Amino acid sequence: MKYKYLLFDLDGTISESGEGIRASLEYAIRTLGAPMPDLSDYTRYVGPPLIDTFLNLVGLDPETAERGAQLYRDYYNEKGKFLNRAYKGVPELLQRLRGEDVRMCICTSKYEPFAEEILGILGLSNDFDAVCGSNIDGSRKDKKDLIPYAVACLGGDIERDRERTVMLGDTWYDAQGARLCNVDFIGVRYGYGDVEAMKEQGAAAFADAPGELYSLLK
């Protein structure tokens, strides 16, 4: 195996999560009484940090955006997270990778405890060595900050192990984080992101289905 540290994005890479995210976002926006944007395009809000969605997509001021993020989290914790399901082929991929000399983690801008709960709902908790996400105050939400943290959680060091680290994701946020951290990136076409946007961040390798990732990691 070419890599030692495998960092997987969650939404759109491991988990098919758009339905729950959209429902939670709609609830928060309605509760705030803000105008409802067009949410038919999942690429606009599945992947970006949550607070950025309220600031940029919904157009809220920072204080109201914070309220929106909390409303979102409350609804997501109660209902939205149960609408997650693993992409077909993901459990088999993870089991196959467990037979290799690798360390694997979830590397997501989602609030870390939520990510841990979602893995439990998906039945995948035992397939990862760590779950690495953002803090409740919004810190560590960018992939450029999450990637070094994730490598450290797996027992590595980003300065020493760049060539042995790969980020796997479905959005330009994932690709950009990998580029800024100078680690390899493998994109997935089956998620919520835009392939051309990932290519603009330097992405060159892509998988059309979870099962194709194994050969790209060899």
Side-chain angles (χ1 to χ4, degrees), residues 1-15 17 46-52 86-87 90-91 93-120 122 124-188 191 193 197-198 201-207 210 212-218:
M1 186 65 62
K2 179 179 180 181
Y3 303 102
K4 174 72 173 181
Y5 303 106
L6 313 184
L7 282 49
F8 287 86
D9 178 50
L10 183 57
D11 297 326
T13 303
I14 295 296
S15 172
S17 56
V46 179
L50 179 58
I51 194 66
D52 291 358
Y87 282 103
V90 162
L93 168 69
L94 297 176
Q95 284 299 308
R96 192 176 185 188
L97 288 171
R98 286 320 252 169
E100 302 286 346
D101 182 23
V102 297
R103 300 277 289 170
M104 299 189 293
C105 76
I106 291 294
C107 182
T108 174
S109 61
K110 190 181 294 296
Y111 180 40
E112 191 167 278
F114 282 176
E116 292 172 345
E117 291 180 22
I118 289 166
L119 279 189
L122 299 177
L124 301 176
S125 296
N126 294 331
D127 293 305
F128 292 94
D129 300 296
V131 178
C132 304
S134 65
N135 293 312
I136 191 65
D137 63 1
S139 60
R140 207 172 60 217
K141 62 183 176 62
D142 294 327
K143 289 291 163 73
K144 66 178 176 60
D145 301 317
L146 277 163
I147 289 173
Y149 167 68
V151 174
C153 287
L154 293 177
D157 178 89
I158 190 64
E159 298 299 332
R160 183 185 67 233
D161 297 310
R162 292 185 195 279
E163 293 184 357
R164 300 200 297 167
T165 299
V166 61
M167 178 76 216
L168 302 98
D170 69 311
T171 71
W172 76 271
Y173 293 93
D174 304 313
Q176 180 193 60
R179 178 177 61 78
L180 293 175
C181 291
N182 197 26
V183 301
D184 283 354
F185 174 76
I186 297 174
V188 303
M198 287 188 276
Q201 293 296 326
F206 293 92
E212 295 181 11
L213 288 170
Y214 184 83
S215 61
L216 293 174
L217 290 167
K218 292 293 285 184

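Only a predicted model underlies this, so the values are computations on that prediction, with no experimental measurement involved. Computed from heavy atoms alone, side chains included, the values below leave out hydrogens, waters and symmetry copies.
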For this session: Report the distance from atom CE of Met104 to atom CG of Leu97, rounding to the nearest 0.5 Å.
Result: 5.0 Å
For this session: Apply side-chain contact (heavy atoms from CB on, under 4.5 Å) to Glu159 and list each qualifying residue two or more places apart in sequence or on a separate chain.
Result: Asp157, Arg162
For this session: Supply the atom-to-atom distance Arg164 CZ to Asp184 CG, rounded to the nearest 0.5 angstrom.
Result: 13.5 Å
Exercise. With a 4.5 Å limit on heavy-atom distance, are the side chains of Leu50 and Ser109 in contact?
Worked result: no
Problem set entry | Side-chain H-bond candidate by donor/acceptor type, Asp127 with Gln95, under 3.5 Å | yes
For this session: Report yes or no: does Thr108 contribute a side-chain atom to a donor-acceptor pair with the main-chain N or O of Gly133 at less than 3.5 Å?
Result: no
Problem set entry | Point-to-point distance, once rounded to the nearest 0.5 Å, from CG of Leu213 to CZ of Phe8 | 6.5 Å
Problem set entry | Lys2/Lys218 under side chain to side chain contact (heavy atoms under 4.5 Å, CB included): CA gap, chis, key distance, verdict | CA-CA 5 Å; Lys2 179 179 180 181; Lys218 292 293 285 184; over 6 Å; no
Exercise. Got Phe206 and Leu216 here, is their nearest side-chain heavy-atom distance under 4.5 Å?
Worked result: no
Seminar exercise, completed: Between Val90 and Thr13, the two heavy atoms sitting closest are CG2-O, 4.0 Å
Problem set entry | Steps toward side chain to side chain contact (heavy atoms under 4.5 Å, CB included) verdict (Leu146, Ser134) | CA-CA 8 Å; Leu146 277 163; Ser134 65; 5.6 Å; no
Problem set entry | Gly169 versus Asp9, closest heavy-atom pair with distance | CA-CB, 3.8 Å
Exercise. At what distance, to the nearest 0.5 angstrom, does SG of Cys105 lie from CG of Leu7?
Worked result: 4.0 Å
For this session: State, to 0.1 Å, how close Phe185 and Ala178 come at their nearest heavy-atom pair, and which atoms those are.
Result: CB-CB, 3.7 Å
For this session: Tell me, please, which residues at least two apart from Lys144 pass salt bridge (Lys or Arg N to Asp or Glu O under 4.0 Å).
Result: none
Problem set entry | With Arg103 via side-chain contact (heavy atoms from CB on, under 4.5 Å) - residues at least two apart | Lys4, Tyr5, Asp129, Leu154
Exercise. With sequence neighbours excluded, what pairs up with Asp137 under the salt bridge (Lys or Arg N to Asp or Glu O under 4.0 Å) test?
Worked result: none
Exercise. For the residue pair Asn135 and Arg140, what are the closest heavy atoms and their distance?
Worked result: OD1-NH2, 3.2 Å
Seminar exercise, completed: Rounding to 0.5 Å, atoms CG (Leu94) and CD1 (Ile14) come to a distance of 5.0 Å
Exercise. Hey, is CZ on Arg96 packed in by over 12 heavy atoms from elsewhere, all under 6.0 Å?
Worked result: no
For this session: Quick one: do Met1 and Asp101 satisfy side chain to side chain contact (heavy atoms under 4.5 Å, CB included)? Show the steps, please.
Result: CA-CA 7 Å; Met1 186 65 62; Asp101 182 23; over 6 Å; no
Exercise. Under the 3.5 angstrom rule, does the side chain of Asp170 hit a backbone N or O of Gly193 as a donor-acceptor pair?
Worked result: yes
Problem set entry | OG on Ser15 to CG on Leu122, rounded to 0.5 Å | 5.0 Å
Exercise. If you measure from the Lys or Arg side-chain nitrogens to the Asp or Glu carboxylate oxygens, is any gap between Lys143 and Asp174 under 4.0 Å?
Worked result: yes
Exercise. When you look at Glu100 and Tyr3, which way does the side chain to side chain donor-acceptor pair (under 3.5 Å) test go after all the steps?
Worked result: CA-CA 10 Å; Glu100 302 286 346; Tyr3 303 102; over 6 Å; no
Problem set entry | side-chain contact (heavy atoms from CB on, under 4.5 Å) partners for Gln176, two or more places apart | Trp172, Arg179, Leu180, Gln201
For this session: Kindly state each residue pair satisfying ring-ring contact (aromatic ring centres under 6.0 Å, His included) with at least one member in residues 93-112, sequence neighbours excluded.
Result: Tyr111-Phe114
For this session: Check Leu93 against Pro210 and note the closest heavy-atom contact, atom names and distance.
Result: CD2-O, 3.5 Å
For this session: Check whether any side-chain heavy atom of Leu217 lies under 4.5 Å from a side-chain heavy atom of Leu168, and answer yes or no.
Result: yes
For this session: Determine the minimum heavy-atom distance between Gly156 and Asp161, stating which atoms define it.
Result: CA-OD2, 3.3 Å
